[in-house]
Amino acid sequence: MTDRPSHRISSRKQPRQARSNDLVAAILQAAVQVLATEGAGRFTTARVAEKAGVSVGSVYQYFPNKAAILFRLQSDEWRQTTDLLRAILADVARPPLDRLRTLVHAFVRSECEEAAMRVALSDAAPLYRDAPESREARAAGASLFKAFMEEAMPGASATERALAGDIITRTLSAVGKEFSETSRTDAEIRAYADGLADMFCAYLRHLRQGGDAVG
C-alpha cells in the first residue's frame, strides 16, 4: 500500500485526549523503529501502522502522509536541539566561553548517540526540507546562537558576529556529523569535543584581541 499523495506535512489534527496522545505516541515510536531498522527508502505509512499495531486509517487521522510523520520526528529532534541550545547559551550566570565549551560537548555527544536516526532522517529530508515549517524550525536555533554571539562579542559589528557564528555552527555541525558516523568511546567523545571547544574559544579570543577579554 502506498501513501496518499499530499503536499501537507503538518499533523492533520492535534490529539486532545489521553487516549489520542497515547495513539500518537505509539505511532511515533513505531515510526522511529521502522526508520531505524529499514531506512527512509522502505518507510511507509502502512509499515508504521503495522509496527504500531493500529490501522492505517488511525495513522491518517493525525498524519496525512509519511512525510508528515517524518517531519514530526525531525521537528521533535529540532525542538530537542533548540531546548539544548537555550538551556546552555541562555545561562547568563556563566561566562560565554564556558557556555560554548559546554555546548560543544553536549552537541558532539548528542550527535554520536543519535547518529543512526539522524542519517535516516537526512535521507528523508527531500520530503519536507522546502516546507515553511522546516525553515521556521531551523530559524529558532539560529536566533538563539545569534543572541549568544552578541553577548560574546559585544564590540564586534553585526557582520563580524554573523561570520564568526556561521563558521562555528557550520564547523560544529559538519565535523560532529562526520565524527559520529563511526562508533566512539566516551573518552574519544570527550577528547574530540575538547579539541573543538579549544579551537572555537581560541578563535573568539583572537577576534577579541585589543578589546575586553571574553569570560
Side-chain angles (χ1 to χ4, degrees), residues 9-10 70-71 73-115 117-119 121-181 184 188-215:
I9 61 170
S10 297
L70 291 167
F71 180 71
L73 294 178
Q74 181 64 82
S75 295
D76 287 348
E77 193 278 331
W78 279 328
R79 184 162 46 252
Q80 291 168 6
T81 300
T82 300
D83 289 345
L84 175 68
L85 283 170
R86 182 178 294 107
I88 296 173
L89 296 183
D91 183 8
V92 296
R94 301 175 59 197
L97 294 192
D98 284 358
R99 280 177 269 161
L100 180 58
R101 180 172 294 278
T102 298
L103 176 66
V104 171
H105 274 266
F107 182 84
V108 172
R109 182 165 297 279
S110 175
E111 287 288 280
C112 291
E113 291 175 348
E114 301 171 2
M117 181 59 63
R118 188 191 64 250
V119 170
L121 285 173
S122 177
D123 290 341
L127 294 172
Y128 53 74
R129 65 185 172 194
D130 294 326
E133 300 97 322
S134 178
R135 294 192 294 270
E136 291 168 6
R138 291 192 297 266
S143 177
L144 285 169
F145 204 80
K146 178 176 180 289
F148 168 77
M149 291 302 295
E150 289 173 353
E151 180 186 355
M153 300 176 62
S157 68
T159 300
E160 291 170 331
R161 287 195 298 266
L163 175 61
D166 190 57
I167 288 173
I168 291 173
T169 55
R170 285 181 183 271
T171 301
L172 182 58
S173 178
V175 174
K177 177 180 181 297
E178 183 177 357
F179 177 74
S180 66
E181 289 174 353
R184 305 291 182 175
E188 288 174 328
I189 293 173
R190 286 194 300 270
Y192 205 81
D194 272 335
L196 278 175
D198 287 345
M199 181 175 66
F200 293 147
C201 290
Y203 173 52
L204 289 186
R205 289 192 182 98
H206 171 73
L207 294 177
R208 287 292 303 272
Q209 281 182 351
D212 296 332
V214 178

Please report the C-alpha distance between Phe148 and Leu100 in whole Å, then the side-chain angles of each, then the deciding distance to 0.1 Å, and finally whether the side-chain contact (heavy atoms from CB on, under 4.5 Å) criterion is met. CA-CA 9 Å; Phe148 168 77; Leu100 180 58; 4.1 Å; yes

Decide yes or no on side-chain contact (heavy atoms from CB on, under 4.5 Å) for Phe107 and Leu196, but give the supporting numbers first. CA-CA 11 Å; Phe107 182 84; Leu196 278 175; over 6 Å; no

Shortest non-hydrogen contact from [X] toward [Y]:
{"X": "Ser180", "Y": "Glu111", "answer": "CB-O, 3.4 Å"}
{"X": "Arg190", "Y": "His105", "answer": "O-CE1, 3.5 Å"}
{"X": "Ala106", "Y": "Ile88", "answer": "CB-CD1, 3.9 Å"}
{"X": "Gly165", "Y": "Met149", "answer": "N-CE, 3.8 Å"}
{"X": "Pro96", "Y": "Glu151", "answer": "CG-OE2, 4.3 Å"}

Is the distance between the ring centroids of Tyr203 and Phe200 under 6.0 Å?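 No: the rings miss the under 6.0 Å criterion.
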
Check step by step if side-chain contact (heavy atoms from CB on, under 4.5 Å) holds for Val175 and Tyr192. CA-CA 10 Å; Val175 174; Tyr192 205 81; 3.2 Å; yes

Audit row: Thr102, Arg99, side-chain contact (heavy atoms from CB on, under 4.5 Å) steps and yes/no: CA-CA 5 Å; Thr102 298; Arg99 280 177 269 161; 5.6 Å; no

Beyond-backbone contact of Leu207 with Met153, side-chain heavy atoms, under 4.5 angstrom: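 They are in contact (side-chain heavy atoms under 4.5 Å apart), so the answer is yes.
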
Check the pair Asp98, Arg101 against salt bridge (Lys or Arg N to Asp or Glu O under 4.0 Å), reporting the backbone distance first and the verdict last. CA-CA 5 Å; Asp98 284 358; Arg101 180 172 294 278; 6.0 Å; no

Applying side-chain hydrogen bond (donor to acceptor under 3.5 Å, both in side chains) to Gln74 and Glu77, what does each step give before you reach the verdict? CA-CA 5 Å; Gln74 181 64 82; Glu77 193 278 331; 3.0 Å; yes

